[in-house]
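Order of the sequence lines fixes the chain letters, A, B, ..., with proteins taken first and strands second; residue numbering starts at 1 for each chain. In this text the structure is predicted, and so the values were computed from the model without any measurement.
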Amino acid sequence: MSKEFKRYLVTAALPYANGPKHIGHLAGAYIPSDVYVRYLRSIGKDVVFVCGSDEHGTAIPNQALKENTTSRAIIDKYDALIKECFHRLGMSFDMYHRTSEPIHHQTSQEIFLNLFNKGLLTEEISEQYYDDKANVFLADRYIIGTCPKCANPNAYGDQCERCGSTLSPRELINPKSTLTGNVPILKSTKHWYLPLQNYEGWLTEWILKSHKDDWKVNVYGQCKSWIDAGLQPRAMTRDLDWGIKVPLPDSEGKVLYVWFDAPIGYISATRALFKELEENKIEFATPQREFKNPKSDDWKPYWQDADTKLIHFVGKDNIVFHCIIFPIILKATGEYILPENVPANEFMNLEGDKMSTSRGWSIEMHEYLADFPDKPDVLRYALLTNLPETKDSEFTWKDFQAKNNNELVAIFGNFVNRAFVLTQKYFDNKIPARGSLSEIDQKVISDLKELPGKIGASIQAYRFREATAQVMDLARLGNKYLAETEPWKLAKTDLERVGTILNISLQIAANLSIVVEPFLPFTAQKLRNMLNFQQLDWSKSGSADLMEAGNSLGVASLLFEKIEDEVIEKQVKKLLDSKKAMELASQPVTPAKTEITFDDFSKMDIRVGTILTAERVEKSKKLLKLQVDTGIDKRTVMSGIAEHFSPDQVIGKQVTILVNLAPRKIMGVESQGMILMAEDKDGKLRLLQPNESVSPGSTIS
RNA sequence: GGCGCGGUAGCUCAGGUGGUUAGAGCGUUGGAUUCAUAACCCAAAGGUCGGGGGUUCAACUCCCCCCCGCGCUACCA
């Protein structure tokens with residue numbers, strides 16, 4: 001059933017270089033991909049592992065504005081930060097590239113032209129907001145206005161950060177350009193679209209039929225949801241001055257859509273790797289193995305030969321791009337292979353809440369490394385044992401401490417330490433010879449033989465949590481063996497027997513150094529140094545004859561150290577503090593609107609009315625249908641308050657109502673007026689009522 | 001509201017195509033032990049597998065309804 005592949009190309013989601021990345025990103029894509037690749041290398045597979053910074057898109061210039069600098073400065077800053085963190089956490093990319101590099105612009109333009117020349121892109125002209133003072137089309141992010149959903153006057157054109165709704169610029173009330181403060185005008189612009197709907201049949205065949213059983217259910221389910229809903233043409237270009245130029249005449253000011261170019265970054269990174277290797281000019285490449293006689297064109301088989309297994313590791317937010325859009329692009333070119341699997345993880349929550357850099361509720365990679373500079377493997381382990389493989393999972397500092405103290409220290413570190421201390425004590429730090437084997441010895445040796453295969457099978461099935469537990473089981477096996485054979489007791493009577501036991505124990509430790517390498521590479525290195533043991537392939541593991549008797553062990557030190565309660569309490573406090581700081585910073589009181597005249601105000605007819613009836617609206621989560629006695633009449637008003645009030649809570653209540661608002665049909669019912677609400681910072685709505693009851697129809701002025 | 005993914009021991013999580021006493025790690029309790037970073041090793045307690053129906057000789061596992069969480073999506077002040 002499973003095909004034998006000649007080579008592997010593994011990608012880890014390109015981190016977006018608009019800010020630091022947190023441990024949720026690590027758990028989603030980076031840690032699993034690194035374990036997978038390290039294992040593949042260890043079993044001798046031909047694998048290339050690429051990643052890099054994603055540096056285009058509107059959010060980059062936006063972040064530049066926030067930090068009062070240039071887009072270039074932003075990407076240089078965060079690319080360097082992210083790359084450094086990945087390195088310190090042991091991510092073993094063969095290439096960590098950047099989408100701002102010329103070779104990537106070239107690759108992306110080639111692929112765009114490939115599709116264009118085949119007539120696979122459609123041109124469409126639409127009306128977009130244009131700032132005629134700055135002479136630019138405004139990206140969604142550069143338009144600000146009143147949110148039609150929550151009345152936040154500072155909503156962006158793509159999203160309202162107050163209520164979280166996804167918006168399009170045309171929905172904004174009173175739109176303004178953030179560049180000049182001008183009111184933007186609508187101007188027609190041409191864009192190139194990829195008609196995704198043309199590939200529905202093919203996607204159904206490729207994903208829904210042929211990958212029904214080998215893709216993870218969470219991934220498969222999301223793809224099915226998208227395909228079943230019906231796909232739409234999607235613009236592959238944008239009006240923006242930051243990004244990859246559209247390689248067509250008359251396309252001034254147009255760039256490729258960031259989600260068009262970003263996944264192509266994997267291809268560019270592979271090209272760049274072999275180019276640098278051939279030219280022997282290493283700039284971005286960090287080859288993790290020997291590439292024999294590398295040629296520039298060697299990237300091709302990795303992307304174009306059907307014998308290559310292409311795997312994309314991503315978080316769940318990236319599923320649609322890696323399973324639907326990018327494969328369509330690859331397929332449409334007719335030149336590229338498709339991913340064999342996209343083992344996306346779900347999200348990792350933090351201390352009971354969703355991780356979010358902007359809300360200050362996260363553990364950023366660089367912050368972890370600053371506080372725990374010598375503990376990259378502890379983080380790797382804590383994340384590995386709790387990866388969100390099938391559902392969202394949760395990271396807590398208490399759990400982090402427990403994993404370190406009760407597992408890494410108490411089981412893994414302790415076993416190794418016991419074997420070393422006993423060898424020093426009884427055999428002058430030399431590996432003792434092995435005598436005849438008892439039944440218990442044979443049992444432990446046969447158990448040892450089983451484990452590497454089990455671990456490997458789990459890794460190949462993308463079950464990294466299970467694989468991690470199996471590695472720990474090997475250390476458990478060692479501890480149990482020592483407990484059962486009790487060499488410290490035998491030392492008085494039968495030193496030869498003690499030698500046999502310790503020989504086997506040290507062989508287990510040597511095996512640990514091999515099988516733990518994909519998971520905890522720094523620990524593996526440290527353990528090898530202690531054992532005076534060279535790095536061996538996975539194929540050697542499972543054997544009890546890895547180390548020769550008579551050889552000296554190196555200097556023993558503790559592999560892990562306990563983490564005290566104070567350290568953990570400090571981290572939890574830090575987290576709460578940063579959340580509080582972010583809340584204060586990001587929740588300014590809504591600024592005053594522009595000045596109006598009394599005449600402007602008096603146009604509005606605002607009155608006090610009484611809610612007579614209220615009922616939920618079928619098929620709507622937010623709407624209540626109200627009958628309001630306005631004093632003038634009794635009218636129907638649709639109000640989006642159902643998430644804040646039940647019908648019972650509002651019936652009979654006096655409310656403030658704008659009565660001369662033009663009627664509008666909402667969910668098929670004509671709404672005659674608008675109930676006014678006070679919205680708190682947290683988004684909660686409150687009724688506006690006179691402090692004492694007044695008669696319906698009382699005017700407000 | 002629609003669609004997708006979840007709701008399994010105190011905690012974090014496993015449980016192809018339904019089948020003997022539902023699992024792991026941690027935590028708890030008890031025992032054993034002292035080589036080891038009071039660690040290791042053994043054992044036990046602990047779950048009506050979100051709720052309710054149904055199919056079946058048999059359901060955590062299949063079907064229907066409901067409740068809850070998360071994501072996408074629609075309506076909205």
Side-chain angles (χ1 to χ4, degrees), chain A residues 147-152 163 165-166 213 216-229 316-317 319-320 346-347 349 354 382 385-396 398-399 401-403 405-411 413-426 461 463 465-466 468-470 472-473 475-476 478-491 498 501-502 505 558-562 616-624 637-645 658 664-669 671 674-679 683 685 687:
Chain A
C147 174
K149 315 203 172 190
C150 74
N152 169 17
C163 66
S165 350
T166 306
D213 299 319
K216 293 169 65 166
V217 285
N218 55 328
V219 176
Y220 183 88
Q222 247 193 66
C223 291
K224 188 171 179 344
S225 175
W226 275 82
I227 296 168
D228 289 350
K316 75 170 163 188
D317 50 334
I319 290 175
V320 61
E346 301 281 301
F347 286 154
N349 294 316
K354 196 171 158 174
T385 50
N386 203 11
L387 292 175
E389 287 175 343
T390 57
K391 58 184 171 190
D392 290 357
S393 69
E394 176 150 330
F395 179 97
T396 65
K398 195 163 164 284
D399 186 57
Q401 179 190 28
K403 291 274 160 64
N405 292 356
N406 304 332
E407 298 181 31
L408 290 177
V409 174
I411 297 171
N414 186 36
F415 165 66
V416 171
N417 188 236
R418 295 171 83 184
F420 269 82
V421 168
L422 289 165
T423 305
Q424 281 165 6
K425 197 163 177 176
Y426 302 121
R463 301 163 73 114
R465 253 191 346 223
E466 182 178 87
T468 308
Q470 286 160 347
M472 199 50 67
D473 282 344
R476 285 199 173 87
N479 274 320
K480 183 170 174 162
Y481 178 63
L482 286 178
E484 284 173 351
T485 52
E486 301 183 306
W488 50 91
K489 279 187 179 166
L490 296 170
V498 173
I501 294 166
L502 290 181
S505 299
L558 297 174
L559 287 174
F560 304 100
E561 59 182 18
K562 282 199 136 190
R616 289 193 180 280
V617 176
E618 281 285 308
K619 299 190 172 188
S620 170
K621 201 153 59 181
K622 299 186 179 177
L623 284 177
L624 286 186
V637 177
M638 302 292 275
S639 183
I641 57 173
E643 289 180 313
H644 302 272
F645 299 96
L658 179 61
R664 181 179 162 189
K665 265 202 171 179
I666 296 165
M667 295 289 283
V669 179
S671 179
M674 182 169 116
I675 306 295
L676 304 185
M677 292 280 162
E679 187 186 9
L685 299 179
L687 300 177

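In this entry U48(B) has no Watson-Crick or G-U wobble partner, no candidate having both defining distances under 3.5 Å. Pair assignment for G4(B) gives C70(B), based on Watson-Crick or G-U wobble hydrogen-bonding distances that are each under 3.5 Å. In this structure A43(B) sits in a base pair with U29(B), meeting the Watson-Crick or G-U test at under 3.5 Å. Remark: U12(B) base-pairs with A24(B). Criterion, Watson-Crick or G-U wobble with two distances under 3.5 Å.
Nearest to the side-chain atoms of K391(A) among the listed nucleotides C41(B), C26(B), U8(B) stands U8(B). Side-chain atoms of S225(A) lie closest to G4(B) of the nucleotides U37(B), C35(B), G4(B). If you check U12(B), A39(B), A36(B) against the side chain of N417(A), the one that comes closest is A36(B). Residue V217(A) has its side chain nearest to G6(B) when only G6(B), G15(B), C26(B) are considered. The side chain of A410(A) has C40(B) as its nearest neighbour among C40(B), C13(B), G4(B). Of the candidate nucleotides C13(B), A36(B), U33(B), U33(B) has the atom lying nearest to any side-chain atom of W488(A). In the set G15(B), C35(B), U37(B), the nucleotide with an atom closest to the side chain of R418(A) is C35(B). Checking G71(B), U33(B), C26(B) against every side-chain atom of K489(A), the shortest atom distance belongs to U33(B). Among the nucleotides U37(B), C35(B), C26(B), the one closest to the side chain of V409(A) is U37(B). Which of C40(B), U33(B), U37(B) sits closest to the side chain of I411(A) comes down to C40(B).
Side-chain atoms of N417(A) and L559(A), non-hydrogen and from C-beta on, never get closer than 4.5 Å to each other.
A24(B) and U34(B) have their C1' atoms separated by 28 Å, given to the nearest Å. G54(B) and A59(B) have their P atoms separated by 12 Å, given to the nearest Å. On the P atoms, G6(B) is 34 Å away from A43(B), given to the nearest whole Å. Taking the P atom of each, G53(B) and U12(B) are spaced 29 Å apart, rounded to whole Å. Straight-line distance between the P atoms of C26(B) and G50(B): roughly 25 Å, to the nearest whole Å. Annotation: C11(B) and C57(B) have their C1' atoms spaced 38 Å apart (nearest Å). For the P atom pair drawn from G10(B) and G51(B), the interatomic distance equals 14 Å after rounding to whole Å. For G19(B) and C49(B), the P atoms lie 16 Å apart once the distance is rounded to whole Å.
Across the interface with RNA chain B, nearest-nucleotide mapping of A469(A) and G413(A) shows A469(A) to be the residue nearer the 5′ end. When each of E389(A) and E346(A) is assigned the nucleotide of RNA chain B with its nearest heavy atom, E346(A) is the one assigned upstream, toward the 5' end.
Of the possible polar contacts, one joining the S393(A) side chain to the N386(A) backbone as a donor-acceptor pair under 3.5 Å is found. A donor-acceptor pair under 3.5 Å is absent between the side-chain atoms of D392(A) and the main chain of E346(A), judged by distance alone. Panel note: side chain S225(A), backbone G221(A); no donor-acceptor pair is recorded below 3.5 Å. When atom types are taken as modelled, the side chain of E407(A) and the backbone of M472(A) share no donor-acceptor pair closer than 3.5 angstrom.
U33(B) atom C1' lies 13 Å from atom CG of L482(A), rounded to whole Å. The nearest whole Å value for the distance from the CD atom in Q470(A) to the C1' atom in G25(B) is 13 Å. Regarding I319(A), its CD1 atom lies at a distance of 19 Å from the P atom of C3(B), rounded to whole Å. In this structure, CG of D228(A) is placed 14 Å from C1' of U73(B), rounded to the nearest angstrom. If you take CE of M472(A) and C1' of G25(B), they are 10 Å apart, rounded to a whole angstrom. In this structure, the CD atom of Q222(A) is 13 Å from the C1' atom of G6(B), given to the nearest Å. Between the CD atom of E394(A) and the P atom of G6(B) there is a distance of 19 Å, rounded to whole Å. One interatomic measurement links the two molecules: CG of L387(A) to P of G25(B), which rounds to 19 Å at whole-angstrom precision.
Using a 4.0 Å heavy-atom distance criterion, L422(A) is classed as a base contact. Heavy atoms of F560(A) sit under 4.0 angstrom from at least one base atom. Heavy atoms of E484(A) sit nowhere under 4.0 angstrom from any nucleic acid atom. Residue contacts shown for N414(A) include a base, since a base heavy atom lies under 4.0 Å away. S393(A) comes within contact range of the sugar-phosphate backbone alone, with a heavy-atom separation under 4.0 Å but no base atom that close. Residue K480(A) is in sugar-phosphate contact alone, with no base atom involved, counting any heavy-atom pair closer than 4.0 Å across all strands shown. Among the heavy atoms of the strands, none lies under 4.0 Å from K398(A).
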Verify side chain to side chain contact (heavy atoms under 4.5 Å, CB included) between L422(A) and L482(A), making sure each step is shown before the conclusion. CA-CA 10 Å; L422(A) 289 165; L482(A) 286 178; 4.3 Å; yes
Go through it in stages, so that I can follow the logic: the residues are E486(A) and W488(A), the test is side chain to side chain contact (heavy atoms under 4.5 Å, CB included), and I'd like the CA-CA distance, side-chain angles, deciding distance and then a yes or no. CA-CA 5 Å; E486(A) 301 183 306; W488(A) 50 91; 3.9 Å; yes
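Only one option out of V416(A), V421(A), N414(A) pairs with R418(A) in a side chain to side chain contact (heavy atoms under 4.5 Å, CB included); it is N414(A).
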